[in-house]
Amino acid sequence: MTTYRSIEWRGDSIRLLDQRRLPHVTEYLDFTDYRALADAIQAMVVRGAPAIGAAAAYGLALTAAQSQAQDVAALSGELVGAAAVLRAARPTAVNLAWAVDRMLRCSVEPDIAGVDALREAMLDEANAIAAEDVRTNRQIGLNAMELVPQGATIIHHCNTGSLATVDYGTALGVIRTAHEQGKQVHAYLDETRPRLQGAALSAWELIQLGVPHTVIVDGASGHIMRTRGVDLCVVGCDRVAANGDTANKIGTYNLALVAHAHGVPFYVAAPTSTIDLATPTGDDIAIEERGPEEVTTIGGVQVTPAGADVANPAFDVTPAAYITAVITEMGIARPPYGESLRRMVELAEEERAV
Ligand code: MRU
């Protein structure tokens, strides 16, 4: 386990490691109000699809714990209101809506007798979501091992490690598992403009884990594949549509195209909570557009001339045709994804039911 925690329940508050200040400053912020927590998710104090889902789940547990409601109906109403605010914080990562919906489903379980029982149920469910996330990530790492050869050179995009999850990570967890198994892997980390999650966060995590790595600018992946040889790419995701089209951090699509051109396998590491069978294709995924200042400045320094027009889509969609396989905690889904992804989700639901 890592020595830092992206999210921690403190009994009367939620503690987040402020990822905006890493790698230079390790600062934790405490949240005692779901509105402030929603703002922190939007501002990317906490980020990464599984991490924002777990943070929102604790936000609802916090709402329940603080409520002055005298009956279940009143408290349920407060939870529905808080859920709407938390869910709206970021639109693309389905884990946020998934965790919020799961908490709301739990809040209307018929055997909840009173407000204290509802408070307890909310905290139990948030803890369950957090614990499942860690187990899931470890299993994704193990399931991926048949795809990672000894001595593999791997390209990774964004940050998908302990910071982006409750712990361990998904795609970065695959690299970590391979390292822990003595596979002597080397990771190339896309810096991931505009917010530099790869350069700032993934490098920070891999240094602490002792995983050999090299940070590259996003545009270098083609050159690295052509001149140095790459065995595979592995990335995380924010939403996998029913047909396998996958939304992930902006630049993922470019990496997938380059991998395709070089015959390099392109893997998506995805907890089944990121598979959204209700979204038919990538065209149906809402892509978050963030403020221009993330593009016009680097480290607070303006890099564009005044008046430059700027677009800042935070995610892109990689069509399923460019994805070799989706690695989940229930196994490896391969094309045709319509069938294989559904099967993974069913297996996860069956497991949760026992
Ligand atoms: O905008 P971010 O930093 O929240 O985007 C994160 C990503 O795109 C990750 O690849 C994805 O959420 C998976 S994290 C395990």
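Positions are given from 1, in the same order as the sequence printed here. Order of listing sets the numbers, starting from 1, for every ligand and every atom in it. Just the heavy atoms: all of them, side chains too, but no hydrogens, waters or symmetry mates, feed the values below.
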Open item on the list: Other residues, nucleotides and ligands only: do more than 12 of their heavy atoms fall within 6.0 Å of CD on Gln150?
Closed with: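 Check passes, neighbour count above 12.
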Open item on the list: Around atom CD of Glu293, are there more than 12 heavy atoms from other residues, nucleotides or ligands closer than 6.0 Å?
Closed with: yes
Do the charged groups of [X] and [Y] touch, with an N to O distance under 4.0 Å?
| X | Y | value |
| --- | --- | --- |
| Glu346 | Arg342 | no |
| Asp218 | Arg193 | no |
| Arg138 | Asp167 | no |

Write out each pair where an N or O from ligand 1 and one from the protein are under 3.5 Å apart, with the distance.
from	atom 1	to	atom 2	distance (Å)
ligand 1	1 (O)	Arg90	NH1	3.3
ligand 1	1 (O)	Arg90	NH2	2.8
ligand 1	1 (O)	Lys249	NZ	2.7
ligand 1	3 (O)	Arg47	NE	2.7
ligand 1	3 (O)	Arg47	NH2	3.3
ligand 1	3 (O)	Gln197	NE2	2.8
ligand 1	4 (O)	Gly48	N	2.9
ligand 1	4 (O)	Arg90	NH1	2.8
ligand 1	8 (O)	Asp238	OD1	2.8
ligand 1	8 (O)	Asn248	OD1	3.0
ligand 1	8 (O)	Lys249	N	3.2
ligand 1	10 (O)	Asn248	OD1	2.6
ligand 1	12 (O)	Ala49	N	2.9
ligand 1	12 (O)	Asp238	OD1	3.1
ligand 1	12 (O)	Asp238	OD2	3.1

TODO: Taking ring pair (Phe, Tyr, Trp, His ring centres under 6.0 Å) as the test, write out the residues that go with Tyr267, two or more places apart.
DONE: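 Once residues adjacent in sequence are excluded, Tyr267 has no partner under the ring pair (Phe, Tyr, Trp, His ring centres under 6.0 Å) criterion.
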